[in-house]
Amino acid sequence: MKKHSLRSKLIFHYMVIVVVCMLVIPTAISELLDRQFKSFANERLTGYMNELTEYFASTYAGNGSWRGDWLPRGADFLRWPLVAVRLTDADGRFVRSYSLMHKRGGPLRAPAGKGGRPSDNISYPNELQSGSRDILVEGQKVGELVFVWLPFNRSPEGDFLRKFNRIMYYAVAVMLIISAMIAIFMAYRISAPVLNAARRAQQISAGRYRMNEQMESDITELQTLIESVDRLGESLEAQEELRKRLLSDMAHELRNPITIIKSHLEAIEDGVWEASPERIRLTVSEVDRLSQLIYEAEKLTSIEGAGRALALEDTDASAVMEKAALVFDPLYKNKGVELKRDIEADVMLVMDGAKMRQVVENLLSNALRYTDAGGSVCFSMRGEAGGMVVTVSDSGIGIAAKDLPYIFERFYRTDVSRARSSGGLGIGLAIVKAIVEAHGGTIEADSVPGKGSRFIMKIPGKSRE
Ligand code: ADP
């Protein structure tokens with residue numbers, strides 16, 4: 001399909017509308033006026049003809065014949081648009097004629113009365129129109145009048161209409177020019193922010209996430225577009241930043257255990273150290289750290305898959321929660337953190353049990369990770385409106401207010417060095433969120449730094465599709 005620019009499209013459509021309106025409206029006005037004037041002129045002409053017929057009939061009635069002095073001599077009684085009258089008797093014999101036209105088709109004398117234009121002395125015999133009337137006296141035809149008159153376009157009204165139309169079309173032409181200017185102006189106003197947003201999107205796709213100049217539009221939709229593109233850029237920049245941080249963290253994390261393992265093995269090889277069980281255990285623990293890191297890295301790929309392909313089933317949610325807590329009991333005990341639980345029994349829900357367990361385990365694992373020995377974690381679940389509400393609150397280190405909005409984003413860790421020492425990559429909560437949202441639920445966190453954090457997850461009840 002042939003592509004056009006937004007600007008040219010806008011101008012084109014605007015102009016089409018304007019041209020159509022400007023052709024239709026003046027034509028309609030001109031047609032209407034023409035009809036009105038014509039009918040008015042017709043009525044007037046008929047009036048004159050009736051008047052004259054009346055006059056001849058009544059004077060004939062008084063006289064009883066066409067002979068005599070009573071017939072008018074001059075043609076002064078003729079009024080625009082009448083230019084000639086011919087009178088014949090009942091048998092069609094010529095009696096008299098009155099004319100404003102010079103003989104032999106010569107120039108026309110201006111008819112007297114309203115609209116007479118002495119300067120107009122040009123005759124157009126071909127244009128002339130004529131009609132006749134019988135002169136009746138007591139129902140008997142006593143004669144006939146033949147009227148000759150000028151057509152409408154020679155009348156003052158016709159002249160006025162011509163002038164009016166001319167002025168109107170001049171006005172239309174001027175309006176067209178003004179409209180074209182408005183169309184171009186409007187098209188620029190509308191298309192400029194769109195083009196800018198498009199350009200910005202292109203720059204974003206080329207890796208330039210931030211623009212220095214600030215674009216604004218007073219059109220709400222366009223402002224929304226601009227802001228959306230800006231936000232897109234910012235969030236991509238944030239993602240890019242996180243990705244870079246993750247890679248450097250990963251490299252750093254991998255380098256540490258490998259350096260330790262290598263130096264231990266080399267020392268043993270060189271005979272500097274003896275391969276004592278103690279040293280081998282230390283080396284193995286570094287290998288464990290490596291595999292933990294690789295396990296974490298693997299989890300990255302599961303973020304995308306986490307929300308998809310849920311195996312929804314009627315599930316005993318209470319049992320899922322109990323099992324997750326049971327798995328963590330020994331880990332909590334080892335660290336000296338108390339795991340209190342308050343799980344409502346027999347809450348049945350349509351959900352993906354395995355994935356929901358992964359969610360809860362992530363929350364319990366985080367709570368344990370960020371709570372020091374001697375602290376406690378409360379894990380509660382209760383059924384609500386066919387769904388469930390799960391809360392995990394700890395008495396741990398808490399999360400700073402500035403970090404709270406981002407902890408569910410992948411790779412986000414509140415404190416790089418702290419998270420590093422505890423081995424997380426910042427993807428656990430991203431997976432949690434993906435699974436919760438796939439269930440149509442929500443998860444929120446609040447925290448008092450230094451006092452603890454609380455995660456509240458709400459899963460609505462739904463029927464199995
Ligand atoms: P990680 O693997 O680093 O724990 P998560 O996605 O699970 O990644 O969590 C993201 C970040 O949120 C963590 O790095 C941590 O800083 C913070 N966080 C999560 N849970 C808690 C908690 N219970 N207490 C304090 N901080 C937490």
Side-chain angles (χ1 to χ4, degrees), residues 1-47 79-83 107-108 110-129 149-200 213-226:
M1 198 162 55
K2 193 169 171 347
K3 298 274 182 288
H4 302 275
S5 75
L6 175 66
R7 199 169 286 169
S8 59
K9 273 250 161 191
L10 284 172
I11 294 176
F12 175 74
H13 287 295
Y14 188 80
M15 285 312 291
V16 167
I17 295 170
V18 167
V19 168
V20 168
C21 288
M22 294 212 167
L23 288 182
V24 170
I25 295 171
T27 311
I29 292 176
S30 150
E31 181 64 22
L32 208 75
L33 275 181
D34 197 59
R35 246 186 243 172
Q36 287 290 324
F37 275 126
K38 263 189 186 145
S39 90
F40 167 72
N42 243 336
E43 267 170 34
R44 195 177 51 183
L45 177 67
T46 317
R79 273 182 278 164
W80 190 281
L82 286 178
V83 287
L108 189 70
K114 207 167 98 196
R117 294 175 303 168
S119 62
D120 186 356
N121 58 359
I122 305 156
S123 102
Y124 297 102
N126 289 342
E127 284 183 342
L128 294 176
Q129 295 174 341
W149 65 87
L150 281 166
F152 174 72
N153 61 7
R154 305 277 301 149
S155 73
E157 289 87 358
D159 203 46
F160 166 78
L161 261 187
R162 259 195 310 281
K163 275 188 190 145
F164 176 82
N165 281 345
R166 204 177 317 132
I167 292 171
M168 194 162 61
Y169 284 108
Y170 278 140
V172 166
V174 171
M175 287 287 284
L176 271 179
I177 294 169
I178 294 174
S179 302
M181 284 175 352
I182 293 175
I184 293 168
F185 173 73
M186 284 297 290
Y188 268 83
R189 255 181 84 113
I190 293 175
S191 64
V194 176
L195 293 180
N196 244 301
R199 217 172 300 131
R200 194 168 285 202
E213 83 257 37
Q214 200 61 42
M215 264 293 300
E216 267 190 20
S217 170
D218 56 359
I219 301 169
T220 323
E221 289 82 354
L222 293 182
Q223 186 59 29
T224 314
L225 174 69
I226 293 168

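In this chain, numbering begins with 1 at the start of the sequence shown. The analysis underlying the following values was restricted to heavy atoms, covering all of them including side chains, and did not include hydrogens, waters or symmetry mates.
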Discussion item. Nearest 0.5 angstrom please: Gln223 CD to Leu225 CG, how far?
Written reply: 9.5 Å
Fill in: Inter-residue atom distance Leu176.CG - Tyr169.OH, 0.5 Å rounding
11.5 Å
Item to complete: Using a 4.5 Å cut-off on heavy atoms from C-beta on, say whether the side chain of Leu45 contacts that of Pro81.
Response: yes
Worksheet entry | Nearest heavy-atom neighbours spanning Ile11 and Ala187 | CG1-CB, 3.5 Å
Response to the item:
When every non-hydrogen atom of Ala183 is compared with those of Met15, the smallest separation belongs to CB-SD, 4.1 Å
Discussion item. With a 4.5 Å cut-off on side-chain heavy atoms, are Gln36 and Phe40 touching?
Written reply: no
Worksheet item: Mind checking whether Met181 and Ile184 have side chains closer than 4.5 Å, heavy atoms only?
Response: no
Worksheet item: Where do Arg7 and Ser191 come nearest, in terms of heavy atoms and distance?
Response: NE-OG, 2.9 Å
Discussion item. To the nearest 0.5 Å, what is the distance between CD1 on Ile182 and CZ on Arg189?
Written reply: 12.5 Å
Fill in: Heavy-atom check, side chain of Val18 versus side chain of Met175, under 4.5 Å
no
Worksheet item: Between Met22 and Ser179, what is the shortest heavy-atom contact and its length?
Response: CE-OG, 3.8 Å
Worksheet item: To the nearest 0.5 Å, what is the distance between CG (Leu161) and CE (Met168)?
Response: 9.0 Å
Worksheet, complete the sentence: side-chain contact (heavy atoms from CB on, under 4.5 Å) with Val194: of Ile226, Leu222, Ile219, only one passes, and it is Leu222
Practice prompt. Check for a donor-acceptor pair, side chain of Gln129 on one end and backbone N or O of Trp149 on the other, with a separation under 3.5 Å.
Written response: no
Practice prompt. Calculate, to the nearest 0.5 Å, the distance between atoms CD1 and OG belonging to Ile25 and Ser30 respectively.
Written response: 13.5 Å
Worksheet entry | CZ on Arg35 to CG on Asn42, rounded to 0.5 Å | 13.5 Å
